[in-house]
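Can you keep this structure in mind? I'll have questions shortly.
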Amino acid sequence: MEHIVFAHDLTKADRVVLETLATDYSDHLKAKEKDVPDSAYASASDGETTRTTGTNTDGTKGGVNKDKNKDSSATRTSEAISHLSSLNDPKSPSFEPSITNFFDLADLQSFKWLPPSLLSAYRQWASSLIRTPTDILMITHLLIYFSTTVPSAFYLLFVRFSWPHAILHAVLNGWYVGTYTLMMHQHIHMRGILTKDKWWTRVFDAVFPYVLDPLMGHTWNSYYYHHVKHHHVEGNGPDDLSSTIRYQRDELSEFAKYVGRFYFLVWLDLPLYFVRKGRYEQAAKAAFWEYGSYAMLATMWKFAPGGGKAVFWTLVLPLMVLRVGLMVGNWGQHAFVDDEEPESDYRSSVTLVDVASNRHCYNDGYHTSHHLNPLRHWREHPVAFLKGKETYAANNALVFHNIDYIMITVRLMMKDYMTLAKCMVPIGEFQMNMTLEERAAYLRRHTRRFSEEEIKEKFGKKAN
């Protein structure tokens, strides 16, 4: 319990989830203190839970404590689910839309400098434009991007280039890109984020990615074809171009090969993937948009009044940075793969309860939940996690806190499994019975490279 940290700026949902898991763990430790010691990690495989069947110091059977813990955990989880569901329900008095990623609604309402009438008017106006009532922050961010990134890039490209402006533009975009990318993650899965009730919002919803994507480092539509039509089809399996299973996931040289292949060959690999699968139309579309983006960059480099320097700082540099960032993130999301059931979404991805992933990036930390249902709305992930908590535990799914995907990747390159073990939140009896050292060893085992023979055995026809 001493390693569980509650960051002050956790989202409300994350705080509820982490408190629920921490209390489950605390109850387990208290019950274990009263029970006759039983072999835990050393005697149990990770496919089973341990049993404590001895007699407590007070003369009661050990199972009594477990039954009480299960009952209290079920009640606590049910209350948490009800609370979080009410925050997402527009019909509930407790409903709270997300207006900005930095502040919750209660924070905004507490600011004396922000008139309640202005906040209410903005909520009403933005609600009329957004597709899902919780998602007002997407309107907020679109306003920010079109009032800062777009005019800044236009000035650099078509009016006058200056080094201070270019550097400031790059820093600002670097700050934006994570949140923007995960907003687009919702966009590509839900096929839009704005209401379909107005003709002009339908048009704007379809058009704005073609303006913002290149400025944020995305080539046109490649995120959709690589992520939705390819990654979620393959699920980190042997045919997934971004699969981690063929790499030793705590070796810098292996990570460099992983990033390098995507960085330099995705323009070829992705269309060829669709060709191999017999999906020729998608191959043509993926190639058209990727190569069309390169053609746009070349044209801008030659003809933009700001010259090549402006194109580099506004269009090329974001592309170079983001492509590394995407692979660093995906490595962290799929670094821990169970060698018994690597096909399982529970055992090949992780859940993070952290600020960077969930407050600023639309609950991207709930990656297992996202793989279980790619169409699940981002605000529903914490609820879905709590509803499936017992299933997560039964599958020995991995949950971390106080760390994001980038730092998971960094810690793996450092082989710092003790820090990762401290960030791990034990769920289920098997994990809860581990010592910190056993957790570290358990995590290390999950980063091992799969041989081609193992891949054929574990994935069967998918490996052919």
Side-chain angles (χ1 to χ4, degrees), residues 5-20 80 82-152 168-169 171-187 193-195 201 204 208 212 216 352-366 377-383 401-402 404:
V5 177
F6 287 83
H8 74 278
D9 47 353
L10 284 172
T11 64
K12 281 189 175 182
D14 272 3
R15 186 167 294 277
V16 168
V17 168
L18 191 55
E19 285 174 348
T20 302
S82 178
H83 172 59
L84 294 184
S85 296
S86 69
L87 296 179
N88 295 343
D89 183 4
K91 297 179 181 179
S92 169
S94 303
F95 173 62
E96 288 192 17
S98 298
I99 297 178
T100 173
N101 56 312
F102 284 101
F103 303 106
D104 295 325
L105 179 59
D107 297 324
L108 294 173
Q109 291 172 333
S110 70
F111 294 151
K112 294 181 179 180
W113 54 265
L114 181 59
S117 58
L118 180 60
L119 180 60
S120 178
Y122 179 70
R123 282 183 61 180
Q124 185 175 358
W125 173 75
S127 295
S128 70
L129 304 179
I130 204 69
R131 186 175 299 182
T132 306
T134 53
D135 295 352
I136 292 176
L137 81 167
M138 294 185 184
I139 299 295
T140 304
H141 284 290
L142 285 173
L143 290 172
I144 291 172
Y145 303 142
F146 275 94
S147 62
T148 56
T149 295
V150 173
S152 174
L168 181 62
H169 177 89
V171 170
L172 190 65
N173 257 31
W175 187 34
Y176 289 162
V177 68
T179 303
Y180 175 79
T181 296
L182 272 300
M183 183 181 78
M184 287 308 301
H185 182 247
Q186 291 297 305
H187 192 285
I193 57 177
L194 302 181
T195 181
T201 54
F204 187 78
F208 84 76
L212 290 178
M216 298 291 184
L352 305 187
V353 183
D354 80 296
V355 175
S357 304
N358 298 336
R359 176 170 288 282
H360 299 300
C361 290
Y362 298 92
N363 281 334
D364 188 43
Y366 292 88
H377 187 264
W378 68 278
R379 281 277 296 255
E380 293 297 325
H381 286 310
V383 178
H401 82 300
N402 203 37
D404 60 25

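Quick caveat, the model's predicted, so the values are computed rather than measured.
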**Asked** Would you call Asn358 and Asn363 a side-chain contact if the rule is heavy atoms closer than 4.5 Å?
**Response**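 Asn358 reaches Asn363 side chain to side chain.
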
**Test item: Thr134 and Phe95 side chains (from C-beta on) under 4.5 Å apart, heavy atoms** = yes

**Asked** Where is the tightest heavy-atom contact between Val150 and Leu212, given as atom of each residue plus distance?
**Response**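 Looking at all heavy atoms of both residues, the closest pair is CG2-CD2, 3.7 Å.
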
**Prompt:** Between the side chain of Thr179 and the main-chain N/O of His360, is any donor-acceptor distance below 3.5 Å?
**Reply:**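 Yes, the answer is positive, given that a donor and an acceptor are paired below the 3.5 Å cut-off.
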
**N/O donor-acceptor pair under 3.5 Å between Arg379 side chain and Leu87 backbone** = yes

**Request:** Kindly give the heavy-atom pair with the smallest separation between Leu84 and Pro382, and that separation in Å.
**Result:**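 Taking every non-hydrogen atom into account, CD1-CB, 4.1 Å.
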
**Leu142 and Phe204, any side-chain heavy atoms less than 4.5 Å apart** =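 Yes. Closest side-chain heavy atoms under 4.5 Å.
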
**Prompt:** CD1 of Ile136 to OG1 of Thr100: how many Å apart, nearest 0.5 Å?
**Reply:** 11.5 Å

**Message:** Contact between Ser128 and Thr195 at the side-chain level, heavy atoms closer than 4.5 Å - yes or no?
**Reply:** no

**Prompt:** How far apart are the closest heavy atoms of Thr11 and Asp14, and which atoms are they?
**Reply:** OG1-N, 3.0 Å

**Request:** Measure the spacing between CG of Asp354 and NE2 of His401 and express it to the nearest 0.5 Å.
**Result:** 10.0 Å

**Asked** Where do Thr148 and Ile144 come nearest, in terms of heavy atoms and distance?
**Response**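 Closest approach of Thr148 to Ile144: OG1-O, 2.5 Å.
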
**Asked** What side chain to side chain donor-acceptor pair (under 3.5 Å) pairs are there with at least one residue in residues 112-122, not counting sequence neighbours?
**Response** Tyr122-Thr140

**Asked** Quick one: OH on Tyr176 to OG1 on Thr181, what's the gap to the nearest 0.5 Å?
**Response**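 It is 14.0 Å, given to the nearest 0.5 Å.
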
**Request:** Let me see the working for Leu194 and Ile139 under side-chain contact (heavy atoms from CB on, under 4.5 Å), right down to the final yes or no.
**Result:** CA-CA 9 Å; Leu194 302 181; Ile139 299 295; 3.6 Å; yes

**Asked** After noting the C-alpha distance and the side-chain angles of Gln109 and Leu119, does the key distance pass the side-chain contact (heavy atoms from CB on, under 4.5 Å) rule?
**Response** CA-CA 8 Å; Gln109 291 172 333; Leu119 180 60; 3.8 Å; yes

**Asked** Measuring from His185:NE2 to Met183:CE, what's the distance to the nearest 0.5 Å?
**Response** 13.0 Å

**Prompt:** Just how far is it from atom CG of Asn88 to atom OG of Ser94, taken to the nearest 0.5 Å?
**Reply:**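 Between Asn88 CG and Ser94 OG, I get 11.0 Å after rounding to 0.5 Å.
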
**Message:** Taking the side chain as everything from C-beta on, heavy atoms only, tell me whether Ile193 gets closer than 4.5 Å to Met184.
**Reply:**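 Of all side-chain heavy-atom pairs linking Met184 with Ile193, none is under 4.5 Å.
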
**Prompt:** For the residue pair Phe208 and Tyr145, is the inter-centroid distance of their aromatic rings smaller than 6.0 Å?
**Reply:**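 No, ring centres 6.0 Å or more apart.
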
**Asked** Side-chain contact, heavy-atom cut-off 4.5 Å: Asp364 with Asp404?
**Response** no

**Arg15 (side chain) donor-acceptor with Asp9 (main chain) under 3.5 angstrom** =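 Checking the backbone N and O of Asp9 against the side chain of Arg15, no donor-acceptor pair under 3.5 Å is found.
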
**Prompt:** Measuring from Leu114:CG to Asp107:CG, what's the distance to the nearest 0.5 Å?
**Reply:**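 Those atoms lie 11.5 Å apart.
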
**Where Pro97 and Leu105 come nearest, the two heavy atoms and their spacing** =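 Heavy atoms of Pro97 and Leu105 come nearest at CD-CD2, 4.0 Å.
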
**Prompt:** Are the side chains of Val17 and Thr20 in touch, meaning some heavy atoms are under 4.5 Å apart?
**Reply:**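 A side-chain contact is absent here, since even the closest heavy-atom pair is not under 4.5 Å.
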
**Request:** Could you tell me how the ring of Trp378 sits relative to the ring of Tyr362: parallel (under 30°), tilted (30 to 60°) or perpendicular (over 60°)?
**Result:** perpendicular

**Message:** Between Arg359 and Asp104, is the salt bridge (charged side-chain N to carboxylate O under 4.0 Å, His left out) condition met? List the steps.
**Reply:** CA-CA 10 Å; Arg359 176 170 288 282; Asp104 295 325; 3.3 Å; yes

**Message:** Test: salt bridge (charged side-chain N to carboxylate O under 4.0 Å, His left out). Region: residues 124-142. Which pairs qualify, not counting sequence neighbours?
**Reply:** Arg131-Asp205

**Request:** Over 60° means perpendicular and under 30° means parallel, so classify the ring planes of Tyr366 and His381, tilted if in between.
**Result:** parallel

**Message:** Is the shortest side-chain heavy-atom distance between Asn101 and His141 below 4.5 Å?
**Reply:** yes

**Request:** Return the minimal non-hydrogen interatomic distance between His83 and Ser86, and the atom names on each side.
**Result:** O-OG, 2.6 Å

**Message:** Ignoring hydrogens and geometry beyond distance, is a side-chain donor-acceptor pair present between Thr149 and Tyr180 at under 3.5 Å?
**Reply:** no

